[in-house]
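The structure appears right after this line, and notes come after that.
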Amino acid sequence: SPDVHGSSSSSGAGTKRALFEGGSNVADETDEPRRVRARHHIATHRDSVHSDAPVTVLRAVTWNVNGLRDRAKRARVFALLRTVDADVICLQESHCVTTREGFDWAREWEGGAWFTHGKRGEGVAVLVTPQSEWSLRGGLTVSSRLCGAILRHRVTNANVRLWNIH
């Protein structure tokens with residue numbers, strides 16, 4: 001009987017190629033029912049995956065900002081980033097040095113934000129733009145150069161884990 005991928009454990013490579021590429025091969029009559037069932041399984045799976053469910057898109061932008069500690073620069077950068085046609089923005093070299101500073105900057109962003117902190121030239125962040133259909137559900141700081149974010153789409157409830165590495 002066909003396995004999960006639609007190929008028979010007793011069939012050869014020719015049968016697999018025919019099933020996945022839609023071609024035909026010469027086979028005896030005993031192989032035909034397996035191929036038919038396998039094609040049906042693949043078509044059914046594709047139909048369920050590519051149904052009329054809404055498509056979930058995540059648009060991401062990344063930028064090495066070379067420091068956000070200066071309040072005026074941070075305000076200019078945040079104002080510019082709010083105009084970007086993206087859902088998520090990954091920043092590198094934020095130069096955030098304390099947890100408190102990260103919380104303050106997240107409040108200034110006015111959207112979902114996760115900042116890491118470290119030495120003066122380090123720090124990464126994940127920002128969710130205010131107009132995005134995605135929300136920040138949680139964050140994970142691995143180091144000052146690596147953070148993760150768990151994002152959820154507000155309409156489809158799809159979850160995505162995004163990593164920002166510098």
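To the nearest 0.5 angstrom, L68 atom CG is 10.5 Å from E93 atom CD. Between the SG atom of C147 and the CD atom of Q92 there is a distance of 9.0 Å, given to the nearest 0.5 Å. For the atom pair OG1 of T129 and CD1 of I89, the computed distance is 6.0 Å after rounding to the nearest 0.5 Å. Atom CG of L136 sits about 8.5 Å away from atom CD1 of I150, to the nearest 0.5 Å.
Sorted by first and then second residue, the salt bridge (Lys or Arg N to Asp or Glu O under 4.0 Å) pairs involving residues 75-92 (not counting sequence neighbours) are R59-D85, R59-D87.
No side-chain donor from either of W105 and S94 sits under 3.5 Å from a side-chain acceptor of the other. No hydrogens or angles considered: nothing links the side chains of T116 and S144 as a donor-acceptor pair under 3.5 Å.
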message: What verdict does the side chain to side chain contact (heavy atoms under 4.5 Å, CB included) test give for W163 and V124, after you've listed the backbone C-alpha separation in whole Å, the side-chain angles of each residue and the deciding distance to 0.1 Å?
response: CA-CA 10 Å; W163 294 96; V124 294; over 6 Å; no
message: Does L58 form a side chain to side chain contact (heavy atoms under 4.5 Å, CB included) with L151? I'd like the steps, not just the answer.
response: CA-CA 10 Å; L58 174 66; L151 307 170; 4.2 Å; yes
- request: Any chance you could lay out the side chain to side chain contact (heavy atoms under 4.5 Å, CB included) test for L127 and L81, step after step, and finish with the verdict?
  value: CA-CA 9 Å; L127 309 176; L81 292 176; 4.0 Å; yes
- request: Please assess E108 against R74 for the test side chain to side chain contact (heavy atoms under 4.5 Å, CB included), listing each intermediate value before the final yes or no.
  value: CA-CA 9 Å; E108 289 175 29; R74 190 169 59 253; 2.7 Å; yes
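Under the 4.5 Å side-chain heavy-atom criterion for grouping Ile, Leu, Val, Met, Phe, Trp and Tyr, V126 is not connected to V61 through any hydrophobic cluster. Follow the hydrophobic side-chain contacts under 4.5 Å out from F78 and you reach V84 in the same cluster.
Taking the side chain as every heavy atom from C-beta outward, S135 and V128 never approach each other to under 4.5 Å.
Summarising the geometry of H166 relative to N64, their closest heavy-atom pair is NE2-ND2, 3.8 Å, with the distance given to 0.1 Å. V160 and W134 get closest at one heavy-atom pair: CG2-CH2, 3.5 Å. Across all non-hydrogen atoms, the minimal contact from N164 to A125 is ND2-O, 2.7 Å. L162 approaches C90 most closely through the heavy-atom pair CD2-SG, 3.6 Å. T141 and W114 get closest at one heavy-atom pair: OG1-NE1, 3.0 Å. Across every non-hydrogen atom of P130 and W109, the tightest pair is CD-CZ2, 4.0 Å.
Side chain of T83 to main chain of L80: a donor-acceptor pair is present (N/O by atom type, distance under 3.5 Å, no hydrogens or angles). A donor-acceptor pair under 3.5 Å is absent between the side-chain atoms of W63 and the main chain of V77, judged by distance alone. Of the possible polar contacts, one joining the E101 side chain to the V97 backbone as a donor-acceptor pair under 3.5 Å is found. Put simply, the side chain of R152 never gets that close to the backbone of R137: no donor and acceptor are under 3.5 Å apart.
Using a cutoff of 4.0 Å between basic side-chain nitrogens and carboxylate oxygens, E133 and R154 are not scored as salt-bridged. A salt bridge links R100 with D104: at least one charged nitrogen is closer than 4.0 Å to a carboxylate oxygen.
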